[in-house]
Amino acid sequence: MTDLDQRMDLETDPVCGMAVTPQDARADGLTAAYQGRDYFFCGRGCLLDFADDPARFLGPDHVPQM
């Protein structure tokens, strides 16, 4: 996979809204599974916030903020 391919394969951190490369997040242990789906995070803080209350960050009223 080229660098361009990896940049095009991005997910959004549900906590802060940052674009995250799933491969990098997996390598860094920055993933969480919730209700049958994998979520990817930019850093440990976002991962821990999500782990505390996933529904808060997946609800329709949540606006991701850095």
Side-chain angles (χ1 to χ4, degrees):
M1 181 177 287
T2 68
D3 287 341
L4 178 60
D5 290 336
Q6 284 185 343
R7 283 192 301 268
M8 294 178 72
D9 182 28
L10 297 175
E11 294 284 337
T12 301
D13 181 322
V15 175
C16 71
M18 186 176 199
V20 178
T21 305
Q23 296 86 346
D24 292 342
R26 281 190 187 101
D28 293 337
L30 298 173
T31 65
Y34 180 71
Q35 294 185 341
R37 180 170 178 222
D38 290 331
Y39 293 91
F40 305 93
F41 303 91
C42 66
R44 186 165 170 74
C46 285
L47 172 62
L48 293 174
D49 286 348
F50 183 84
D52 284 344
D53 188 4
R56 172 181 162 207
F57 299 104
L58 300 176
D61 295 333
H62 175 68
V63 177
Q65 296 178 338
M66 291 177 129

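One-based numbering along the sequence shown. Predicted model, so just to flag it, every value in this text is computed and none were measured.
- Evaluation of the ring-ring contact (aromatic ring centres under 6.0 Å, His included) rule for Phe50 yields Tyr39, Phe41 as partners, not counting sequence neighbours.
- Residues Pro64 and Asp13 fail the side-chain proximity criterion, which asks for heavy atoms closer than 4.5 Å.
- Qualifying side chain to side chain contact (heavy atoms under 4.5 Å, CB included) partners for Arg26, counting only residues two or more places apart in sequence or in other chains: Pro22, Thr31, Asp38, Phe40.
- Note: the hydrophobic cluster containing Leu10 does not contain Leu30 (ILVMFWY, side chain heavy atoms under 4.5 Å, direct or indirect links).
- When all heavy atoms are compared, the tightest approach of Ala25 to Val20 is CB-CG1, 3.8 Å.
- Taking both residues in full, the closest heavy atoms of Met18 and Cys42 are given as SD-CB, 3.3 Å, listed atom of the first, atom of the second, then distance.
- Under the side chain to side chain contact (heavy atoms under 4.5 Å, CB included) criterion, Asp53 pairs with Ala55, Arg56, not counting sequence neighbours.
- Remark: Asp9 CG to Asp24 CG distance equals 10.5 Å, nearest 0.5 Å.
- When hydrophobic clusters are built by joining Ile, Leu, Val, Met, Phe, Trp and Tyr residues whose side-chain heavy atoms come closer than 4.5 Å, directly or via intermediates, Tyr34 is grouped together with Phe57.
- Taking each heavy atom of Cys46 and Val15 in turn, the nearest pair found is O-CG2, 3.4 Å.
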